[in-house]
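Quick notes on the structure that follows.
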Amino acid sequence: YCPTLTRCATMSPKAAFAAVTIALTLTLSVAELSMLANPHPDIARLFHLYDSDASGAISALEALQFWRATGMADPPAVEGLDDSLARVAEILAVDVDGNTDGVVTLEEFMRFSQRYLHTSKVEDPKEPQQIHLALADRSVGAGAIRVTFVTVGDSPASTTAHVLLTNNKSYSATPSRYSVPPRWWQPDGWIGWIYTAVITGLEPGVVYNYTCITEAGFASESHQFTAPRVGGAGPVSFATFGDTGTAIPFGYKVTDKLASEQETNPVDFVLQQGDIAYAGVDAAVAPLNMSKDDEIEAVWDLYGRQIEPVSARIPWQTGVGNHEAWYNFSSYRARYLMPQSNGSEGNFWYSFQYGNVHICSASSEHNYLPGSPQHTWIDNDLRAARAEPSVDWIIFSLHRPLLSSDKSEYNSHSPGASMLTALEPLLLTHGVDITLTGHQHAYERVHPTVNGTVVQMPTMVDGVPRYTAPTAPLHLMIGCSGAMQDESWEEPTPPWSAQHFSNKLGQPLLDSYGYGRVDVLNSTHLRFSFVPVTGTLSDVFWLVK
């Protein structure tokens with residue numbers, strides 16, 4: 001990692017972290033030291049991990065190395081390394097490398113984090129942060145909201161933490177925490193508290209203001225949400241995507257786009273298909289003394305900050321991906337609680353209804369084969385949804401794609417693959433309308449298909465594709481919401497692939513980064529659109545009953 005590496009290898013985690021911090025500080029300019037008079041510890045820690053040679057600046061090669069280690073980028077072929085580094089330098093120049101000199105200093109990283117990760121100051125350990133909403137368990141009543149917030153630090157758990165609505169109703173918040181192994185970059189593992197409060201008795205469609213409070217004098221800013229609707233003929237709108245990541249490459253940019261759109265063209269909730277923060281180490285990094293079994297808890301904390309401008313206002317419903325698996329999914333299971341019903345399994349597989357839309361969120365990271373608990377639950381959940389008179393639309397969500405023409409792992413998401421073989425009969429039997437996935441860092445729409453055979457092609461109406469009462473679901477892969485894109489596609493394109501795109505060197509940088517937007521107008525008409533961060537690259541279609 002630096003000249004102190006040999007000593008760090010034999011030090012305690014706390015001493016090693018202190019040694020590396022001193023080594024980095026000695027490289028800082030006066031301006032940077034002034035900027036870092038009160039550095040945010042998570043940003044300083046993340047910068048240390050990027051800056052593998054302790055030079056005081058992050059190069060394109062170091063950024064690519066870190067993204068590769070955490071799974072946000074695939075390893076480039078040797079002959080493609082120069083192109084990959086050129087693309088990384090272009091990514092850094094968008095918002096991080098302020099003077100576009102090809103490297104990112106700690107001062108630049110701090111300024112970036114203040115703008116996009118909302119780290120303008122170091123909080124008191126009792127101050128609420130990382131606020132996010134989710135729909136609560138059905139057993140507590142339709143339309144209930146769960147509020148989750150975090151305090152980071154070694155203060156005792158608050159016994160008076162609560163969420164206060166502006167109508168002076170108060171709801172107590174229960175503390176919990178989880179443990180992970182100590183490492184040199186997190187000498188005590190993760191230290192903090194996660195608080196959850198369930199807000200009941202809400203009137204659908206009514207706007208509520210709320211504040212998260214731990215103790216007297218320690219409160220969040222005031223936020224607001226609209227109480228959700230259960231049942232009714234619509235309209236319902238939601239944003240959907242997977243493979244976001246924390247900060248760079250472009251998870252911050254997609255989140256910022258979603259936040260700005262929420263001001264002018266809001267959605268009711270977010271549905272995320274896994275690979276959330278990219279905190280886990282996917283490949284060992286010898287210069288950093290990190291193994292592929294490690295996880296960086298600060299990344300989870302920074303991700304919670306990144307999404308708070310949206311997640312504190314609308315439910316942020318998550319699904320599990322392969323990059324949540326570290327330490328037996330401990331961080332994901334503790335931080336993002338989802339609504340429970342009969343047979344569901346935490347935030348691995350669960351379902352909920354919003355308006356006339358039923359969402360079944362499953363796990364591609366657990367056993368989904370016939371006879372497994374999850375397969376049985378999916379069958380029962382979809383059957384119940386189809387029998388529910390207030391449900392007009394059924395959406396099936398999971399991380400890995402059922403069908404995609406992406407060359408990477410093609411045998412796992414092509415006709416005849418095990419997951420498609422196991423789950424497609426359930427989707428067909430119960431009339432699922434759309435599947436939503438991610439995993440591949442790209443976008444793709446697949447026509448209504450049965451084991452690779454297209455059952456309906458769209459007609460063009462006013463220049464927009466329209467599917468009318470298809471007998472099989474459309475498949476959408478939206479894994480382009482932040483992680484580095486460098487995908488290749490099967491040639492010739494399979495007949496079932498309607499549209500696909502990913503970013504390559506020489507293409508506009510941000511056009512292919514974005515999220516999907518689903519607008520359910522009523523019981524018969526649904527409109528989908530891909531929302532790019534910038535540019536005009538998109539995909540739009542209608543689905544009509």
Side-chain angles (χ1 to χ4, degrees), residues 13-14 17 41-42 45-46 49 70-71 123-134 136-137 146-159 161 163 172-198 212 214 220 244-246 272 274-282 290-308 311 316-340 344-350 361 363 365-366 399:
K14 286 184 179 180
F17 184 68
D42 287 342
R45 185 174 288 114
L46 187 58
L49 295 172
T70 56
E123 295 81 5
D124 186 283
K126 298 177 183 178
E127 186 173 333
Q129 58 171 269
Q130 305 176 46
I131 300 167
H132 61 269
L133 308 179
D137 298 359
R146 181 188 303 276
V147 181
T148 299
F149 60 93
V150 172
T151 59
V152 176
D154 57 3
S155 63
S158 170
T159 58
V163 173
S172 61
T174 304
S176 64
R177 68 193 330 174
Y178 66 97
S179 61
V180 297
R183 296 291 186 263
W184 70 260
W185 60 90
Q186 50 197 35
D188 299 305
W190 184 75
I191 301 298
W193 293 98
I194 301 170
Y195 295 87
T196 61
V198 175
C212 300
T214 53
S220 70
T244 308
T246 305
Q272 194 170 17
D275 283 8
I276 295 170
Y278 283 91
V281 180
D282 203 34
M290 301 177 79
S291 80
K292 68 184 298 291
D293 299 319
D294 288 328
E295 187 176 67
I296 308 162
E297 300 311 304
V299 171
W300 278 109
D301 288 324
L302 290 170
Y303 183 81
R305 294 170 166 281
Q306 177 177 288
I307 67 172
E308 186 178 300
S311 65
W316 193 281
Q317 305 293 119
T318 60
V320 65
N322 54 303
H323 285 283
E324 281 71 67
W326 277 256
Y327 305 143
N328 192 28
F329 301 91
S330 293
S331 304
Y332 172 68
R333 286 188 291 129
R335 291 172 182 264
Y336 291 93
L337 303 181
M338 292 295 120
Q340 299 300 288
S344 56
E345 182 62 33
N347 49 11
F348 294 150
W349 55 89
Y350 69 96
S361 180
S363 171
E365 310 313 301
H366 296 80
H399 178 59

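Hydrogens, waters and symmetry mates play no part in the numbers below; they use all other heavy atoms, side chains included.
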Heavy atoms of other groups near Asn328 CG, more than 12 under 6.0 Å: yes
For Ala134, side-chain contact (heavy atoms from CB on, under 4.5 Å) partners two or more places apart: Gln317, Met338
Are Arg146 and Asp137 packed together at the side-chain level, in the sense that at least one heavy-atom pair is separated by less than 4.5 angstrom? yes
Mind listing the closest non-hydrogen atom pair of Ala136 and Pro339 along with its distance? O-CB, 3.3 Å
Considering all heavy atoms of both residues, which atom of Thr70 and which atom of Tyr278 are nearest to each other, and what is their separation? O-CD2, 3.1 Å
Under the side-chain contact (heavy atoms from CB on, under 4.5 Å) rule, collect the residues that match up with Asn322, sequence neighbours excluded. Asp275, Glu365, His399, Arg400, His439
For the CD atom of Gln306 and the OG atom of Ser311, what is their distance to the nearest 0.5 Å? 10.0 Å
Got a second to check how far Leu49's CG is from Ile296's CD1, nearest 0.5 Å? 5.0 Å
Just by distance, do the side chain of Thr214 and the backbone of Lys126 share a donor-acceptor pair under 3.5 Å? yes
Heavy-atom check, side chain of Trp193 versus side chain of Thr174, under 4.5 Å: no
For Gly71 versus Asp282, what's the shortest heavy-atom pair and its separation? N-CB, 3.9 Å
Student check: side-chain heavy atoms of Tyr178 and Ile194 closer than 4.5 Å: yes
Kindly indicate whether the side chain of Leu46, heavy atoms from C-beta on, has any atom under 4.5 Å from the side chain of Val299. yes
Applying side-chain contact (heavy atoms from CB on, under 4.5 Å), name anything that partners Ser344, two or more places apart in sequence or on another chain. Gln340, Ser341, Tyr350, Trp377
Can you name the residues that form a ring pair (Phe, Tyr, Trp, His ring centres under 6.0 Å) with Tyr327, not counting sequence neighbours? none
Taking all atoms of both residues into account, what is the closest heavy-atom pair of Trp349 and Ser363, and its distance? CE3-CB, 4.2 Å
Heavy atoms, side chains only, cut-off 4.5 Å: are Val147 and Leu133 in contact? yes
Looking only at heavy atoms, what is the nearest atom pair of Ser158 and Pro175, with distance? O-CG, 4.2 Å
With a 3.5 Å distance limit and no angle check, can you tell me whether Glu324 reaches the backbone of Gly321 through a side-chain donor-acceptor pair? yes
Those residues that, when tested against Asp301, pass side-chain hydrogen bond (donor to acceptor under 3.5 Å, both in side chains) (two or more places apart): Gln130, Trp190, Arg335
Quick one: are Ile191 and Arg177 in side-chain contact, heavy atoms under 4.5 Å? yes
Residues which pass ring pair (Phe, Tyr, Trp, His ring centres under 6.0 Å) with His132, listed by chain and number, not counting sequence neighbours: Tyr336
Testing the 3.5 Å rule here: is there a donor-acceptor pair between the side chains of Glu297 and Ser331? yes
Which residues pass the salt bridge (charged side-chain N to carboxylate O under 4.0 Å, His left out) test with Arg333, sequence neighbours left out? none
Suppose we screen for side-chain contact (heavy atoms from CB on, under 4.5 Å). Which residues come up paired with Ser179, at least two apart in sequence or across chains? none
Exam field: side chain Ser220 to backbone Gln129, donor-acceptor pair closer than 3.5 Å: no
How long is the gap from CZ on Arg183 to CE on Met290, to the nearest 0.5 Å? 9.5 Å
Looking at Thr151, Thr148, Val163, which hits side-chain contact (heavy atoms from CB on, under 4.5 Å) with Tyr195? Thr151
Test side-chain hydrogen bond (donor to acceptor under 3.5 Å, both in side chains) applied to Thr244 - qualifying residues, sequence neighbours left out: Gln272, Ser481
Which atom names give the shortest non-hydrogen contact between Pro187 and Pro182, and what distance separates them? O-CB, 3.1 Å
Kindly say whether Gly319 contributes a backbone atom to a donor-acceptor pair with the side chain of Ser361 at under 3.5 angstrom? no
When you measure from the side chain of Trp326 to the backbone N and O of Val281, does any donor-acceptor pair fall under 3.5 Å? yes
List for me each residue that meets side-chain hydrogen bond (donor to acceptor under 3.5 Å, both in side chains) alongside Thr318, sequence neighbours excluded, and say none if there are none. Tyr332
So, using side-chain hydrogen bond (donor to acceptor under 3.5 Å, both in side chains) as the criterion, who are the partners of Glu308 when residues are at least two apart? none
